[in-house]
Amino acid sequence: MHGWMRRFRPRKQRVSELEAEAKRIHALVERFGNGSSEQLQRELGEFREEIRSQPEKVGEISESAMAAIVDAARRRLGLLAHPVQIMAALAMLRGNLVEVATGEGKTLAIALAAVVRAWTDRPCHVVTANDYLAERDAKYLARFFELCGVSIGHVVGKMSPQDRQKMYCGAVVYTTAKELAADFLRDDLTEESFGHPGRRLIRRIYQSRPAHQQRRVLRGLHTVIVDEADNGLIDEAVTPLIISQSKVNKPLEEATLQAAELSRDFLVGRHYKREEKRRTVKLLDEGFRAIENSVESLSGIWKGRTRRVELVLKALEAREFFHRDQQYVVEDRKIVIVDESTGRRMPGRSWRQGLHQAVEAKEGVPITSPAVTVASISFQRFFRQFQTIAGATGTAWEAAGEFWRIYGMRVVRIPLHLPCQRQELAPRISASKEEKWAAVLLECQERHEQRQPILVGTRSVADSEELANRLRSVGLPCQVLNAVRHRDEAGIISGAGREGRITIATNMAGRGTDIRLGDEVDSLGGLCVIATEFHDSGRVDRQLYGRSGRQGDPGVAITFASIEDELAEKFLHPWVRRTLRNGLKRQAPGGRKLARFLLHRCQKRSENEAFKRRENVLKEDERKAKSLGFAKRS
């Protein structure tokens, strides 16, 4: 009952109380500013001992202690936290998810909260969006954590087990969800025969050489603070993290190539039909007959009716729904998956159930051996292992109910430090993709003539390359950031606010890097953000818009979309699409308004379907926890 009371306590009252507390702390910092660094360090040590002696009261940290931490950041980093940043830190310290607008200083707010959590002597992990940000933030904040008496480490993909073990000894560890979950699974496999914590304790007491313990890299899971939490806790929540081993299977590799060859002659509508919403194909009678007629000359796996149908279905799915420079890229004759929600490469990951091999066969690259799953866990289930979870993101409000349902986190909306001056223009809807790209090109030309910086967000690598070619064809220079052109990501994004710069980036590439406006750009209207279609989630659109108008800067944001975009094709009936297309071409009164309304409806349907998928994973996790409760390991 107490939890529900906290949940439904008036939000304005909670935020106003938090704001008042943050302002008092901000005023106290001036008192510490007059003392020496040695005096501040002594006071920080005293506050640290207070927290360590009563770790259960970490959320009730005194205002003087928090002011001392803020002053430490001012001295070591040259950054005096604004009251809104202190508000965010306090809210995260108390296990909340904070919505902080892009450019408002989430990195510092997370660091303030992490210091206090580290003072409890319990492991604190800060999860970032990628390896670059984990390493950058850890190194940048090291001197600040040192003054506060907190050791810091960072774990990235290229590290050896020995280096990981050393880094995880830090009181605060910056890493990614992928690395942290993978190390958790590997440690769990290491302790397979001693899974129960009681047995592990007995072993440590009586075993002279705890060999198993030496192989563990994590020192435990207790507190996690997730940066860009909407991506880590929602968008990628149901993605399974899998530890697997390759198992050579030559007959399957040959059968995959044969299925790709056989399916080349299959025609949609005759041999099979597409199911857009589920991204699957369904064989028709003609398709079944074609398979039966072809297998007479084949042997091995093809003798099993169910197996040969599965092989052909995978080949057709790979052809219909997995496209180069959209769902994946090809590098060094290898398939590298691209995260559709962020536009980032995911090297080392593969699709399951033969799909990865089907895509390799389609592209004509060497077929990899299928992997056997050794251990797996969804990120949703993994984050629920922590005793305390908090986070920050620019877009959380739309999913507030889901955060509460799954993680027990309340969303706290932090006010802006300075009023937002971004101008959001009405979306412009075109009848076709060709018309949309022509409109985007014209918008870029007009704004570039005024030397206004432009950031264009695209859904796929192919779209980013298409637009880049169109811009260059009319003499407009541009920089492209996508899963193929990903080097110096932070440098490209941070320079996107310079006068006359045109930057094209897939979805949320460069997330976590500030875009600062160049000289005289204010007078040009600030950064202009152009979205080239509505995304499956409105949060992604808001994140892209948030790159403009940071910290009270001027800015412009606009979306260009078409009736031929993926969202419309997936959720609008073909008859509705044809009617809208004809109405837009004739410039029928109210046509564009209706198109905007229907596309927003499509977005809502997409969000609801994604929520249902995550909810089903949650139910499955809860069902397994109940049915296997007697075998649960820590």
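Source: prediction; values computed, not measured. Just so you know, these numbers use all the heavy atoms, side chains as well, and skip hydrogens, waters and symmetry mates.
Taking 4.5 Å as the limit, some side-chain heavy atom of I69 sits within range of a side-chain heavy atom of W119. Between D553 and Q421 there is no side-chain heavy-atom pair separated by less than 4.5 Å. Counting heavy atoms from C-beta outward, E135 and K158 have side chains that approach closer than 4.5 Å. Between R516 and R550, the closest side-chain pair of non-hydrogen atoms falls below 4.5 Å. Contact of the K619 side chain with the E615 side chain is registered, since non-hydrogen atoms from C-beta on lie closer than 4.5 Å. Side chains of L141 and L77 form a contact here, defined as non-hydrogen atoms less than 4.5 Å apart. Here the side chains of L18 and V412 are in contact, with some heavy-atom distance below 4.5 Å.
Of the inter-residue distances, the one linking E19 atom CD with L90 atom CG reads 12.0 Å to the nearest 0.5 angstrom. Considering OG of S64 and CG of L28, their distance stands at 5.5 Å, rounded to 0.5 Å. The NE2 atom of H154 sits 9.0 Å away from the CG atom of D163 when rounded to the nearest 0.5 Å. From C148, atom SG reaches atom CD of Q41 across 9.0 Å, with rounding to the nearest 0.5 Å. Summarising the geometry, atom CG belonging to L40 is positioned 8.5 Å from atom CZ belonging to R74; distances are rounded to the nearest 0.5 Å. Separating the CD1 atom in I61 from the CD1 atom in I25 is a distance of 8.0 Å, to the nearest 0.5 Å.
Using a distance-only test at 3.5 Å, with no hydrogens or angles considered, a donor-acceptor pair links the side chain of D187 to the main chain of L218. Judged by distance alone, with hydrogens and angles left aside, the side-chain atoms of Q85 form a donor-acceptor pair with the main-chain N or O of H82 at under 3.5 Å. Formation of a donor-acceptor pair under 3.5 Å by the Q165 side chain with backbone atoms of R216 is found in this model. Put simply, the side chain of R76 gets close to the backbone of R143: a donor and an acceptor are under 3.5 Å apart.
Below 30°, between 30° and 60°, or above 60°: for Y407 and F383 the angle between ring planes is above 60°, a perpendicular geometry.
Across all their heavy atoms, R614 and I234 have their closest contact at CD-O, 3.1 Å. Heavy-atom minimum distance, V529 versus S548: CG2-CB, 3.6 Å. L112 and A81 get closest at one heavy-atom pair: CD1-CB, 4.1 Å. Between R539 and E607, the shortest heavy-atom contact is N-OE2, 4.4 Å. Heavy-atom minimum distance, A88 versus V98: O-CG1, 3.8 Å.
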Item to check | E104 and L416: CA distance, side-chain angles, deciding distance, side chain to side chain contact (heavy atoms under 4.5 Å, CB included) verdict | outcome: CA-CA 7 Å; E104 291 286 292; L416 296 172; 4.1 Å; yes

Checklist entry - When you look at E50 and K57, which way does the salt bridge (Lys or Arg N to Asp or Glu O under 4.0 Å) test go after all the steps? => result CA-CA 10 Å; E50 288 179 10; K57 295 185 177 181; over 6 Å; no

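Side chain to side chain, T128 and D227 fail the donor-acceptor criterion of an N or O pair below 3.5 Å. Judged purely by distance below 3.5 Å, without hydrogens or angles, the side chains of R501 and Q479 pair a donor atom with an acceptor atom.
Residues that satisfy the ring pair (Phe, Tyr, Trp, His ring centres under 6.0 Å) test with F382, not counting sequence neighbours, are F184, F386.
Annotation for E56: atom CD counts as buried by contact number, over 12 foreign heavy atoms lying within 6.0 Å.
The side chain to side chain contact (heavy atoms under 4.5 Å, CB included) with H125 is formed by just one residue from the set V172, I225, L221; it is L221.
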